[in-house]
Amino acid sequence: MSKALICPCEDVTVGDIRHAISRGFCDVESVKRFTGFGTGICQGKSCQAAVAAMLAKEGPLKPQGIQAFTPRPPLYPTEMSLFASMPVDESQPPVGGVPQELATFPAALRPQSPLPSKAKIVIIGGGVMGLALAYNLSLRGETDVVVLERGYLCAGASGRNGGGVRMQWGTSANIELAKRSIDLMKQFARDLGINVWLRQGGYLFLAKTESVAKRLERNTALHNKHGVPTRIITADAARDIVPGLTMKGVVTASFNPEDGVIFPWPFLWGYAQHCLKKGIKVETFTHVTGFETSGGQVRKVRTDRGDIACDTVVLAAGAWSPEIAQLADVKLPNEPHRHEILSTEPLKPFLGPLVSVLDSGLYFSQSMRGEIVGGMGDPKEPAGLNMGSTLRFVARFSQALMEQLPQVGHVKVLRQWAGCYDVTPDNNPVLGRTPGLDNLLQMSGFVGHGFMMAPAVAERMAAWMATGEHDDLFHRFNLHRFSSGRLEREDMIIG
Ligand SMILES: Cc1cc2nc3c(=O)[nH]c(=O)nc-3n(C[C@H](O)[C@H](O)[C@H](O)COP(=O)(O)OP(=O)(O)OC[C@H]3O[C@@H](n4cnc5c(N)ncnc54)[C@H](O)[C@@H]3O)c2cc1C
């Protein structure tokens, strides 16, 4: 295996690129995510061309398929204090964003092999939900499954999130799901042979207003009932956990030491790799374009590579789910909302928990690579499938972060990106059967917390699908509830 460095920032070798190709990652975006090349301080300026040349020479793609990865602002590593000094007009919505992500991927990336003409189960969406479900179905012996993904693995929210995993929720259902997911994450390396970099440094929630403080207090009592050791703490106790926090304007805080952060990308590789070993097909660069329906059933899923006849279809396409459901004349109440996020240069470990100001939606944590990773919702963000990055976000984020942690002003932002939250009216998912199209199963609407819910939800969904036994989850969170008004609001949403 060649140890010659191809990406000096991230220590990625020629051998690592060959390993990625041997695993089937042959386009530049996938190889970036699988190896980490191009994510360091030079943002691919010194290595992308060399990797592309290797892929063109040694990979199976035609030259037209070797496309540069989406560039991430800022152009140069830039100190947060500079961004924080920029004026922001909070009365106006954010405008635009660069660069726009691809709505469709080049035909040259489409696999050359034929798509299966039928499968028992077709899963639409190769994000964490779809892949976790396919994995769990395989554990139950169900391998006649095809996962359809329009882009590369990690193209959707699952490859763009903050990696936060927490048990601090406002409803019993979500607390129990998150507890189970975190237990599963702890054994992920053993089960799937891949390191997901779980670090249980806790979640520290800060409240700036009395109403949010009351919410933290009420929910802390609920957590304790479920055996989650959340506690309300003083400002001094919060500063003991995160030295240097100003706690400016903060009236109370809650802390659960068992919450944590993970690195999202390996989950997708781990699930996908296991599925492939079991004979499940994971078809990337395959766009679902429609359905053939008759007699209250979906008969076929149409794609840009042909049709697949199937017994069951699962719609797990995250923020794209409403537009895909529409192709079968099904109306979902979900709305996509852009959420922006950034990552800084790596620092020595200094930040234990993920810290979030619940009132403003600011959150930040330190990854195992040492970067500060953080985001902040924008109340003015309009609904839409927009994944561009704005200067406004990085300015608002830097201001809010420096209010609580002024010493990070000199830290440089390396890259920013965006993804879409898949927002439902009550902040809870859409699960189970579709009224009127019985074999179309829904698995979307996870707002900004689907990553941490996926292992547990997929485990239960596979059991429900395989055994047909009643599981309250798929009735309680059914699409029905929006027409019958039985909403169950989750109030611990960041952003
Ligand atoms: C900035 C940000 C931060 C977040 N932070 C956290 C966090 O800290 N913790 C947490 O738990 N969650 C977080 N989330 C939410 C989490 O990422 C999502 O809830 C989760 O990844 C949703 O997974 P999914 O599989 O449902 O959707 P996705 O990962 O979006 O997957 C859906 C897939 O469907 C594919 N698709 C779309 N249309 C088609 C089509 N026509 N044909 C075939 N495929 C199609 C897409 O390409 C996509 O890959 C965050 C989200 C964002 C955007």
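As the structure is a computational prediction, the values presented were derived from the model and not from experiment. Just so you know, ligand 1 is whichever comes first in the structure, and atom 1 is the first atom listed for that ligand.
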Novice: Looking only at distances, please establish whether an N/O atom of ligand 1 is found under 3.5 Å from an N/O atom of Gly130.
Specialist: no

Novice: Taking Glu101 first and then Arg160, would you say they form a salt bridge - that is, a charged N and a carboxylate O separated by under 4.0 Å?
Specialist: yes

Novice: Give a yes or no on whether a salt bridge exists between Glu488 and Arg476, defined as a side-chain N under 4.0 angstrom from a carboxylate O.
Specialist: yes

Novice: Can you list the steps and then say if Glu340 with Ser389 is a side-chain hydrogen bond (donor to acceptor under 3.5 Å, both in side chains)?
Specialist: CA-CA 7 Å; Glu340 298 190 57; Ser389 296; 4.5 Å; no

Novice: Please list, in number order, the atoms of ligand 1 under 4.0 Å from a heavy atom of Tyr421.
Specialist: 2 (C), 50 (C), 51 (C), 52 (C), 53 (C)

Novice: Using a heavy-atom cut-off of under 4.0 Å, does the side chain or the backbone of Thr286 touch ligand 1, or both, or neither?
Specialist: backbone

Novice: Are any non-hydrogen side-chain atoms of Pro336 and Tyr421 less than 4.5 angstrom apart?
Specialist: no

Novice: Measure the distance from atom 32 (C) of ligand 1 to every protein heavy atom, then report the residue, atom name and distance (to 0.1 Å) of the closest one.
Specialist: Ala317 C, 3.4 Å

Novice: Would you call Gly163 a ligand 1 contact, heavy-atom distance under 4.0 Å?
Specialist: yes

Novice: Which residue and atom name correspond to the protein heavy atom nearest atom 5 (N) of ligand 1, and how close is it?
Specialist: Gly162 N, 3.1 Å

Novice: Does at least one non-hydrogen atom of Tyr363 fall below 4.0 angstrom from an atom of ligand 1?
Specialist: yes

Novice: How are the rings of Tyr152 and Phe285 set to each other: parallel, tilted or perpendicular (split at 30° and 60°)?
Specialist: tilted

Novice: For atom 50 (C) of ligand 1, what's the nearest protein heavy-atom neighbour? Residue, atom name and distance, please.
Specialist: Asn161 CB, 3.2 Å

Novice: Between Arg150 and ligand 1, is there a nitrogen or oxygen pair with a distance under 3.5 Å?
Specialist: yes

Novice: Can you check whether Ala319 has an N/O within less than 3.5 Å of an N/O in ligand 1?
Specialist: no

Novice: So is Phe451 polar-close to ligand 1, meaning N/O to N/O under 3.5 Å?
Specialist: yes

Novice: What protein heavy atom lies closest to atom 11 (O) of ligand 1? Include the residue and the distance to one decimal.
Specialist: Met452 N, 2.7 Å

Novice: Considering only heavy atoms of His339, which atoms of ligand 1 have at least one such atom less than 4.0 Å away?
Specialist: 1 (C)

Novice: Please report whether ligand 1 has a polar contact with Val288, defined as an N or O pair separated by less than 3.5 Å (distance criterion only).
Specialist: yes

Novice: Going by an N to O cut-off under 4.0 Å, is there a salt bridge joining Arg489 and Asp426?
Specialist: no

Novice: Cation-pi check for Phe69 against Lys32: NZ or CZ below 6.0 Å from the six-membered ring centre and within 45 degrees of the axis, yes or no?
Specialist: yes

Novice: What is the nearest protein non-hydrogen atom to atom 30 (O) of ligand 1, stated with its residue, atom name and distance?
Specialist: Ala157 N, 2.9 Å

Novice: May I have all residue pairs that pass salt bridge (Lys or Arg N to Asp or Glu O under 4.0 Å) and include part of residues 164-179, sequence neighbours excluded?
Specialist: Glu176-Lys179

Novice: Using a strict 4.0 Å cut-off to heavy atoms of Gly318, name the atoms of ligand 1 that fall inside it.
Specialist: 26 (O), 27 (O), 32 (C)

Novice: Mind checking whether Phe267 and Phe451 have ring centres under 6.0 Å apart?
Specialist: yes

Novice: Report the residue from His339, Arg392, Arg338 that forms a side-chain hydrogen bond (donor to acceptor under 3.5 Å, both in side chains) with Asp378.
Specialist: Arg392

Novice: With atoms numbered from 1 as shown, which atoms in ligand 1 lie under 4.0 angstrom from a non-hydrogen atom of Leu148?
Specialist: 43 (C), 44 (N)

Novice: Is the shortest distance from a Lys or Arg side-chain nitrogen in Lys120 or Asp311 to a carboxylate oxygen in the other one below 4.0 Å?
Specialist: no

Novice: Hey, are Asp304 and Arg150 close enough for a salt bridge, meaning a charged N less than 4.0 Å from a carboxylate O?
Specialist: no

Novice: Where is the nearest protein heavy atom to atom 31 (O) of ligand 1: which residue, which atom, and how far?
Specialist: Gly127 CA, 3.4 Å

Novice: Starting from atom 48 (C) of ligand 1, which protein heavy atom do you reach first, and at what distance in Å?
Specialist: Glu149 OE1, 3.4 Å

Novice: Looking only at distances, please establish whether an N/O atom of ligand 1 is found under 3.5 Å from an N/O atom of Gly419.
Specialist: no

Novice: Step through it carefully: locate the ring centre of Tyr363, locate the ring centre of Phe397, and say whether they are under 6.0 Å apart.
Specialist: no

Novice: Consider ligand 1: state whether an atom of it lies below 4.0 angstrom from any non-hydrogen atom of Cys420.
Specialist: yes

Novice: Find out whether Thr39 and Arg369 are in side-chain contact, i.e. whether some heavy atom of one side chain is under 4.5 Å from a heavy atom of the other.
Specialist: yes

Novice: If the cut-off is 4.0 Å to any non-hydrogen atom of Gly164, which atoms of ligand 1 fall inside it?
Specialist: 7 (C), 8 (O), 9 (N), 10 (C), 11 (O)

Novice: Would you say Ile341 has any N or O atom under 3.5 Å from an N or O of ligand 1, going by distance alone?
Specialist: no

Novice: Salt bridge between Arg299 and Glu292, side-chain N to carboxylate O under 4.0 Å?
Specialist: no

Novice: Examine ligand 1 and decide if any of its atoms is less than 4.0 Å from a heavy atom belonging to Gly448.
Specialist: yes

Novice: With under 30° as parallel and over 60° as perpendicular, where do the rings of Tyr135 and His274 fit, or are they tilted in between?
Specialist: perpendicular

Novice: Before accepting this row, confirm whether a basic side-chain N of the pair Lys208/Glu403 lies closer than 4.0 Å to the acidic partner's carboxylate O.
Specialist: yes

Novice: Should you measure from each heavy atom of His287, which atoms of ligand 1 turn up under 4.0 Å away?
Specialist: 41 (N), 42 (N)

Novice: So is Ala155 polar-close to ligand 1, meaning N/O to N/O under 3.5 Å?
Specialist: no

Novice: His449 vs Phe446 aromatic rings, parallel, tilted or perpendicular, using cut-offs 30° and 60°?
Specialist: perpendicular

Novice: Which ligand 1 atoms, with their elements, are less than 4.0 angstrom from a heavy-atom of Met129?
Specialist: 24 (P), 25 (O), 26 (O)

Novice: Which bit of Trp320 gets closer than 4.0 Å to ligand 1, counting heavy atoms only: side chain, backbone, both or neither?
Specialist: side chain

Novice: Any nitrogen or oxygen of Ser158, main chain or side chain, under 3.5 Å from a nitrogen or oxygen of ligand 1?
Specialist: yes

Novice: Looking only at distances, please establish whether an N/O atom of ligand 1 is found under 3.5 Å from an N/O atom of Gly450.
Specialist: yes

Novice: Considering the heavy atoms of His449, write down every atom of ligand 1 situated less than 4.0 Å from one of them.
Specialist: 10 (C), 11 (O), 12 (N), 15 (C)

